[in-house]
Amino acid sequence: MSKDRLSLLAAVAVMAAWGVNFSFVKHVLAEIGVGAFLFVRFTALPLLGLALMLAVFRGTVLRTWPRREDLPRFIACALVGHALHLWAVMVGMDLSTAFSSSLVLTTAPLFTLLILAAGAERLRREQLAGTLAACAGIALFLGDKLAAGAARAGLGDLLLIGAAALFSLYTVLAQPLAQRYGPLPVLAYTLLFAAPFILVATLPAFLATPAAAYTPAVWTGLLWALIVSSFFGWMLWTWVNIVRGIARSAPFAYLMPPIAGLVAWWTLGETFSGLKLAGAAITLAGVAYAQFGRRPAAREP
């Protein structure tokens, strides 16, 4: 099998894993809460990151340590991308639904465009039109939930919008670091720098969670969310981007909300009104058009 075909299968597999992950996380949050989940996550993932660093770099791992002038940016990425972003994602998912969470988080590219526009880049007409369409779709989607009396879920979606903005800010902040150090050291060290803040803040919630809450189903969800989705999922997705290029890989992200919606309907019993589905379709179309509408051909680095 060619590497291009293998990367295609890998991209679909990653989107399926991430789509299923929303239902897994919803179940885990319902059983142990946000604090305990974050404590387990930031205990396990930094250790996994450091273990992979030792395996990849072996005797030269100390040479990957951030230079003094880059440490403030590493710490900023840790706080924005892991501490604040993941807190907002978990609390938002706990308040909202699996399908809503997957849909709202796909708006992250819009915030990336807006952040870049605040700097040196100008938004094209297609990007502006797509952004406005996506915002209209989100408003329609949230309006349907609020009209149905789901104010709690609407608050969760607003937190998820904030999480998407934080992830975009992290993407922009981390770009020069990834170019200098590579994606693995950036991921490993930002996880490591974020862990103390999260562990201190979530330790009381972890200690207050009874051991009986960690049922086999909860451990299955934790293993899927941490190992399959967060760790190996991102590693595999990085390889897909290398093989196929970012421009060819990005459209696969639009598979995630439909997969998340189908799994949530099957496992959690979520229901979707016609107005909600229309808002979701407009949102995805707007994000896609903002990213790819009349995009000039660019050579992959």
Side-chain angles (χ1 to χ4, degrees), residues 18 38 41-42 45-46 48-50 52-53 56-57 61 63-93 101 104-124 127 131 134 158-202 229-231 233-235 237-242 245-247 249-250 253 256 287 290-291 298 300-301:
W18 286 350
L38 286 175
R41 180 188 180 103
F42 279 92
L45 289 189
L48 285 172
L50 291 178
L52 188 58
M53 288 278 289
V56 171
F57 294 100
V61 68
R63 298 180 185 175
T64 66
W65 184 256
R67 294 190 290 268
R68 181 181 299 178
E69 61 270 22
D70 290 328
L71 273 175
R73 185 177 284 264
F74 267 95
I75 295 173
C77 288
L79 295 178
V80 171
H82 294 296
L84 294 176
H85 165 249
L86 285 174
W87 174 83
V89 168
M90 292 301 108
V91 175
M93 286 186 65
S101 302
V104 174
L105 289 176
T106 59
T107 61
L110 302 181
F111 291 102
T112 302
L113 292 175
L114 293 175
I115 292 170
L116 293 175
E121 295 192 16
R122 291 182 58 188
L123 290 179
R124 301 192 308 273
Q127 292 174 324
T131 300
L158 291 177
L159 277 173
L160 290 166
I161 291 174
L166 288 169
F167 183 76
S168 297
L169 179 58
Y170 165 79
T171 301
V172 174
L173 287 173
Q175 184 179 13
L177 297 179
Q179 291 172 345
R180 285 198 288 273
Y181 295 87
L184 177 56
V186 171
L187 175 62
Y189 288 129
T190 52
L191 281 170
L192 181 65
F193 295 155
F197 299 96
I198 294 292
L199 294 179
V200 169
T202 59
S229 178
S230 295
F231 194 72
W234 280 110
M235 291 297 128
W237 185 245
T238 301
W239 177 78
V240 170
N241 282 329
I242 292 172
I246 295 174
S249 300
M256 191 166 55
V287 175
Q291 279 190 285
E300 291 291 345

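All residue numbers refer to positions in the sequence shown, counting from 1.
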Check: Ala174 main-chain N/O paired with Arg73 side-chain donor or acceptor under 3.5 Å: no
Trp18 (side chain) donor-acceptor with Ser229 (main chain) under 3.5 angstrom: yes
From CG (Leu48) to CZ (Arg41), nearest 0.5 Å: 11.0 Å
Side-chain heavy atoms of Phe74 within contact of Trp65, under 4.5 Å: no
Close side-chain approach of Phe197 and His82, heavy atoms under 4.5 Å: no
Reported CG-to-CG distance for the pair Leu187 and Leu192, which is rounded to 0.5 angstrom: 11.0 Å
Distance in Å, Leu45 CG paired with Leu86 CG, rounded so as to fall on 0.5 Å steps: 9.0 Å
Check: Met93 and Leu160 side chains under 4.5 Å, non-hydrogen atoms: yes
Side-chain ion pair, Asp70 and Arg67, N-O less than 4.0 Å: yes
Leu191 and Phe42, any side-chain heavy atoms less than 4.5 Å apart: yes
Note, Phe193 side chain near Leu79 side chain (heavy atom, < 4.5 Å): no
Between OH on residue Tyr189 and CG on residue Leu184, distance to nearest 0.5 Å: 9.0 Å
side-chain contact (heavy atoms from CB on, under 4.5 Å) partner of Leu38, the single match among Val89, Ile198, Val91: Ile198
Separation between SG of Cys77 and CG of Leu169, rounded to the nearest 0.5 Å: 8.0 Å
Shortest non-hydrogen contact between Ala195 and Pro46, atoms and distance: CB-CG, 3.9 Å
Side-chain touch Tyr170/Leu84, heavy atoms, less than 4.5 angstrom: no
Closest contact, heavy atoms only, Ala194 versus Ala78: CB-O, 3.5 Å
